[in-house]
Every structure is written in C-alpha cells, then in structure tokens.
Amino acid sequence: MLDFEGRVAIVTGAGQGMGEAHAKTLAARGARVIVNDVVQANAEAVVKAITDAGGTAVVDTHDVSTGGSEIVGTALDNFGRLDIVVANAGILRVGLFGEQPLEEFWKVFDVSFKGTVEMLHAAWPHLVDSGSGRVILVSSSGLLANPGASAYGAAKAALFGLGNTLAMEGDRVGVQVTTIMPTAWTPMTENAYTDPTILSTLRDTMGPEYVSGFITWLAHQETTVHGDFFEIGGNHAGRLVLAGLPRVFSDDASAESWTEHAAALTSDSDDLEQFRITGDQFASEMIASNPAVKDALAGMNAADLGA
Ligand SMILES: NC(=O)c1ccc[n+]([C@@H]2O[C@H](COP(=O)([O-])OP(=O)(O)OC[C@H]3O[C@@H](n4cnc5c(N)ncnc54)[C@H](O)[C@@H]3O)[C@@H](O)[C@H]2O)c1
C-alpha cells in the first residue's frame, strides 16, 4: 500500500467532487490533509468524515483566488510542514466571449490560475524543504476548445504551461510537478449533459475515486513519474503531448506563397513529432532551417534551449 504517514497535503476545492475524493483518499492512507473550500459546510463535512474514519484533517475556507498564502499558512500552523499540493479548485462560467462580462472571465482565471500560482509560490520553499514535494495541477480538456468556455479553457491552458516549466525547475530542487486532465462524475458534470448514456457512463464508470487513485500515486514520495500531462478518467489514463505535423516549406516565404500552401498547412497527418519541452521544438525548427545546426545542438542540453 502507498502510505502517506507523516506527510501533509493541501487539497483545494475539497468540499465536493474530485477534491473531496482526493482529500479522503490521501487521509485514508495517513496524510494529514488541509481540506480547502469556500463552502464551509462542505469542507467541514469532509473533515468530519475523515476524522470519523480515524484520519487527520483541518478545514480551510480561504478563497483560492485571494488566499493562496493563507492556505499554505493553515498547513504550516497546524502541522509545521507541507509535502503535497493538489491544486484542484476550479470554476466554470459559461458565456460566449463577445457576451461574457470581463469580470466574469477574470474570475474564472483568478480561481483556476492566479490562485494556484499564488498558493504554489507560497508553498514552493516548503515543498523544497519536504525533500519529496509533490504538486498536482488540475487542467481540463477545455483547453482544446469548447465554445462558451474561453475563460475556462485559457485558464486551464495556462496551468498546462505553468506545469511544464515548474516540472523542470522542480527537478532541480526535488519537487515533482505533474498536470492532469481529469474526467469524472461530479456536481460540475452531472448537469452538463442530457444524454442518458453519457450520464450513466460518467456516473457508473468514471467516479471521482478513479482520479483520486491516479493523483494519489503521483503524490506518493516513492513515485518517480512526473512532469508529463496525463488524461485520467475511470480506470484508464494516458499521456498527452503537443506534437508537430510535417513542416510545409515555402520558396520565398511571401504572404502570397502561403496562400498556395494553405491546404497542406491545414491538412492532417499521422506523421507526428512530439515536443515534450521548449528545447524539443526549438531544435526541430532550427534543423528544418539549417540541417547543419544539428552538430551544434548535439552538444547542448535540450533544457538549455528553452526560449
Ligand atoms: N468533473 C470533470 O469531469 C472535470 C473535467 C476537467 C477538469 N475538471 C477540473 O477538476 C477540478 C475539480 O472538478 P469537480 O468536477 O470536482 O468540480 P466541482 O465543481 O464539483 O468542485 C469544485 C470545488 O471547488 C470549490 N471552489 C470553487 N471556487 C473556489 C475557490 N475560489 N476557492 C476554494 N474552493 C473553491 C467549490 O466550492 C467546489 O467544492 C476543477 O478544477 C475542474 O475544472 C473537472
């Protein structure tokens, strides 16, 4: 059994849905858990369930978008250390971009992204002190494209970008950062669909506990897998990558020439080149411009090629 005895975890948005399941799963395995949620009654109910089951947890009701460092303070004040942050809190506010008030757009961004940044900034030195700090960032398939959810998609894409670089910086200081794209039956999704088969598939095969199993594995001090972007829903998970299709070359690179290449540029291909880090894409693009640069790149660490 992956045991978390002695470790302290923050789970944001842990009053219901996936966050609740993550908090309960980590606590059942011995972690002391900060159950953060703006809905106090829900956070209290989760803490009660954990303590009734013999676990250790405390309530924190700070709003992630404004109280990131205070949430970290709750962990330090109660337990004197911090090992794991599951940045799970997120909100979805639907509205077409041209119609959604900007305040609402930024509210989505502030909860999902800015709040996570501020909490992690306060948490970082303590995660380093932990010696095996773990961060799980919760992104979403919304980053791909979902009409009516531009703020949500942008904030979740921002988390993906944040996680990629924090994973590399974390490697230097012993903190493992991983970003997930989950799908689960939660209060967020149970009203999002009307089709009965979609609803029953979500409810019966994609409960939040499946995602909890995955993040619990990632959060464990002996797990070495990290830094990638994983989709997880039900009992299946997969690694997601950003990939480049074969490049299209223009003779003179004029605006007119790109008109002629439009079909090639927008067509699909199975010939994909995976870009894991900035240096991968940079090196690939350099070589496309000048194959001779390959020798110069060979001596360099891909991590040093980041823009
Ligand atoms: N459910 C899915 O299939 C799905 C898919 C992709 C991504 N996600 C992401 O997973 C995470 C959890 O999703 P869920 O479905 O369990 O959501 P949910 O809406 O059921 O639960 C989110 C919890 O976060 C809390 N919360 C909201 N704003 C907060 C704030 N400012 N500070 C602290 N807590 C706050 C809410 O009170 C709620 O308890 C979210 O980030 C969501 O975007 C969910």
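Remember, it's 1-based here, ligands and their atoms both numbered in the order they're listed. All values reported here derive from a predicted model rather than from experimental measurement. Sequence positions, counted from 1, serve as the residue numbers for this chain.
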Rounded distance [0.5 Å steps], [atom1] in [X] versus [atom2] in [Y]:
{"X": "D60", "Y": "E70", "atom1": "CG", "atom2": "CD", "answer": "8.5 Å"}
{"X": "S141", "Y": "Y152", "atom1": "OG", "atom2": "OH", "answer": "7.0 Å"}
{"X": "R7", "Y": "L82", "atom1": "CZ", "atom2": "CG", "answer": "9.5 Å"}
{"X": "S284", "Y": "Q274", "atom1": "OG", "atom2": "CD", "answer": "12.0 Å"}

Counting non-hydrogen protein atoms only, what is the nearest one to [atom]? Give residue, atom name and distance.
{"atom": "atom 44 (C) of ligand 1", "value": "M18 CE, 3.3 Å"}
{"atom": "atom 3 (O) of ligand 1", "value": "A184 N, 3.0 Å"}
{"atom": "atom 10 (O) of ligand 1", "value": "V138 CG1, 3.3 Å"}
{"atom": "atom 34 (N) of ligand 1", "value": "V38 N, 3.6 Å"}
{"atom": "atom 31 (N) of ligand 1", "value": "D63 OD1, 2.7 Å"}
{"atom": "atom 17 (O) of ligand 1", "value": "M188 CB, 3.7 Å"}
{"atom": "atom 5 (C) of ligand 1", "value": "P182 O, 2.9 Å"}
{"atom": "atom 20 (O) of ligand 1", "value": "Q16 NE2, 2.9 Å"}

Parallel, tilted or perpendicular: rings of F109 and F105 (30°, 60°):
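Taking F109 first and then F105, their aromatic rings lie parallel (interplane angle under 30°).
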Could you tell me whether E20 and K24 have a side-chain N and a carboxylate O separated by less than 4.0 Å?
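A salt bridge is present here (some side-chain N lies under 4.0 Å from a carboxylate O).
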Assess whether a salt bridge exists between K107 and D63, defined as any Lys/Arg side-chain N lying under 4.0 Å from an Asp/Glu carboxylate O.
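Salt bridge between K107 and D63, a charged N being under 4.0 Å from a carboxylate O: yes.
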Checking the N or O distance criterion of under 3.5 Å, is ligand 1 in contact with [X]?
{"X": "T183", "value": "no"}
{"X": "T186", "value": "yes"}
{"X": "V111", "value": "no"}
{"X": "K156", "value": "yes"}
{"X": "S141", "value": "no"}

Between [X] and ligand 1, find which residue part has any heavy-atom pair under 4.0 Å and reply side chain, backbone, both or neither.
{"X": "N36", "answer": "side chain"}
{"X": "V64", "answer": "both"}
{"X": "S139", "answer": "backbone"}

Looking only at heavy atoms of Y152, does any of them come nearer than 4.0 Å to an atom of ligand 1?
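Heavy atoms of Y152 do come under 4.0 Å of ligand 1.
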What atoms in ligand 1 come closer than 4.0 Å to a heavy atom of [X]?
{"X": "V39", "answer": "37 (O)"}
{"X": "T189", "answer": "1 (N), 2 (C), 3 (O)"}
{"X": "I91", "answer": "27 (C), 28 (N)"}
{"X": "P187", "answer": "20 (O)"}
{"X": "A89", "answer": "34 (N), 35 (C), 41 (O)"}

Heavy-atom neighbours of D251 CG exceed 12 at 6.0 Å:
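No, CG of D251 has 12 or fewer neighbouring heavy atoms, counting only those of other groups under 6.0 Å.
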Between [X] (side chain) and [Y] (backbone), is there a donor-acceptor pair under 3.5 Å?
{"X": "T12", "Y": "A89", "value": "yes"}
{"X": "N290", "Y": "M286", "value": "no"}
{"X": "T61", "Y": "V38", "value": "no"}
{"X": "E44", "Y": "G15", "value": "no"}
{"X": "S139", "Y": "K156", "value": "yes"}
{"X": "D280", "Y": "R276", "value": "yes"}

Would you tell me which option among T12, D37, T61 has the nearest heavy-atom contact to atom 36 (C) of ligand 1?
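Checking each option, the heavy atom nearest atom 36 (C) of ligand 1 is found in D37.
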